[in-house]
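Here is the structure we will look at.
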Amino acid sequence: MGIFSSKKSSEPIIDNLPQHLGIIMDGNGRWAKKRGLPRTAGHKAGVETFRRISRYCSDIGIKYLTVYAFSTENWSRPEDEVAALMKYFKSYLEEALRDFADDTISIRFLGDMSRFSPELQELMRKNEAMSASHEGMVLNMAMNYGGRAELVHAFKEISKKISAGELSADDIDERLISDYLYTKGQPDPDLIIRPSGEYRTSNFLLWQSAYTEYYIDDVLWPDYTSEHLNKALLEYSKRNRRFGGV
Ligand code: IPE
Ligand code: IPE
Ligand code: MG
């Protein structure tokens, strides 16, 4: 039964679940390579894992889940790999539009969506509109997301307001900058999990993760299970977060 009273329970036995969990869904390519398969097969398997894990997070009562699905730097990959990823995003978003209509999950997208095809952008808009009133877990999908690009975007928006006389330089503080990020209104991530054994942020939630706990797991994302997640959650629940205090 693990650390939760039941898989469907929204009242886990551990009383210190992260309110906001981030996951860097990494290791698809290596997973495929190990099996002698093309990298795209790893991405296909990774989407399945994402389906399972996002459902599990919603079931156990995570309030905000942010998954890193595609970075601003991932456009530099071979054309066929990017094309395959776009194909998988499309079929996932089509399916989400149907499956999440009667669900409580609210889907949002973090990043600059204008770089995606009009068709994908339309699917994103439809998913957000369809689930905007849902009151369960917020599922943030970071796509064409980069922490630096997000800050550049925020600074540009703030500068425009200053030029228009709607803000003054003295108004700029940490709170104001947070309000110009894609995660506006959401709590900072408490825990970020990175599978595949890499010890780096790769440009994920740079501003928001100032005091986030990190958990690195060696397992490759397509092999990631709820047991791996439970282990990370249990360890997180025992960490002593000091936020610079004592
Ligand atoms: C993560 O897996 C998926 C994306 C970045 C879109 P990778 O494709 O980075 O897999 P590895 O790191 O090469 O194994
Ligand atoms: C981070 O993984 C981006 C996503 C998982 C979407 P990468 O595979 O792109 O990161 P690096 O290249 O290992 O730093
Ligand atoms: Mg990778």
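Since the structure is predicted, the reported quantities are computational estimates derived from the model, not experimental observations. When a ligand or atom number is given, it counts from 1 through the structure's own listing order.
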Judged by modelled atom types alone, do Glu235 and Tyr215 share a side-chain donor-acceptor pair under 3.5 Å? no
Geometric cation-pi criterion Arg77 and Trp75, 6.0 Å radius, 45° cone: no
Where does Ala142 meet ligand 2, judged by heavy-atom distances below 4.0 Å: at the side chain, the backbone, both, or neither? neither
So for Arg194, does at least one of its heavy atoms come nearer than 4.0 angstrom to any atom of ligand 2? yes
Would you say Asp26 reaches the Mg ion (ligand 3) with an N/O/S atom under 2.8 Å? yes
Salt bridge Arg51-Glu48, side-chain N to carboxylate O under 4.0 Å: yes
Protein heavy atoms near atom 12 (O) of ligand 2, is at least one of them under 4.0 angstrom away? no
Looking only at the side chains, is there a donor atom on one of Gln186 and Gln19 sitting less than 3.5 Å from an acceptor on the other? no
Could you check which of Met25, Lys33, Arg77, Arg30 puts a non-hydrogen atom nearest to atom 8 (O) of ligand 1? Arg77
Kindly confirm or rule out an N or O of Asn28 lying under 3.5 angstrom from an N or O of ligand 1. yes
Output the list of atoms in ligand 2 that are nearer than 4.0 Å to some heavy atom of Ser202, sorted by atom number. 1 (C), 10 (O), 11 (P), 14 (O)
So is Asn74 polar-close to ligand 2, meaning N/O to N/O under 3.5 Å? yes
Is the shortest distance from a heavy atom of Met143 to ligand 2 less than 4.0 Å? no
Is it the case that Arg194 and Ser202 place a side-chain donor and acceptor less than 3.5 Å from each other? yes
Run the ring-centre check on Phe100 versus His134 and record whether the distance is less than 6.0 Å. no
Any side-chain donor paired with an acceptor under 3.5 Å for Ser168 and Asp170? no
Under a heavy-atom criterion of less than 4.0 Å, does Glu198 contact ligand 1? no
If you measure only the distance, is there a donor-acceptor pair under 3.5 Å linking the side chains of Gln208 and His20? no
Can you confirm whether or not the ring centre of Phe50 sits under 6.0 Å from the ring centre of Tyr92? yes
Is the ring pair Tyr182/Tyr145 parallel, tilted or perpendicular, if the boundaries are 30 and 60 degrees? perpendicular
Closest approach of any protein heavy atom to atom 10 (O) of ligand 1, naming residue and atom: Gly29 N, 2.9 Å
Check for me whether Ser196 has a heavy atom closer than 4.0 Å to any atom of ligand 1. no
Considering only heavy atoms of Phe70, which atoms of ligand 2 have at least one such atom less than 4.0 Å away? 6 (C)
Short side-chain donor-acceptor distance under 3.5 Å, Asn16 and Ser237: no
Can you check whether Trp31 has an N/O within less than 3.5 Å of an N/O in ligand 1? no
Among the heavy atoms of Arg200, does any lie under 4.0 Å from an atom of ligand 2? yes
Tell me: protein heavy atom nearest atom 6 (C) of ligand 1, and distance? Ala69 O, 3.4 Å
Indicate, as side chain, backbone, both or neither, the part of Asn203 found under 4.0 angstrom from ligand 2 when only non-hydrogen atoms are considered. neither
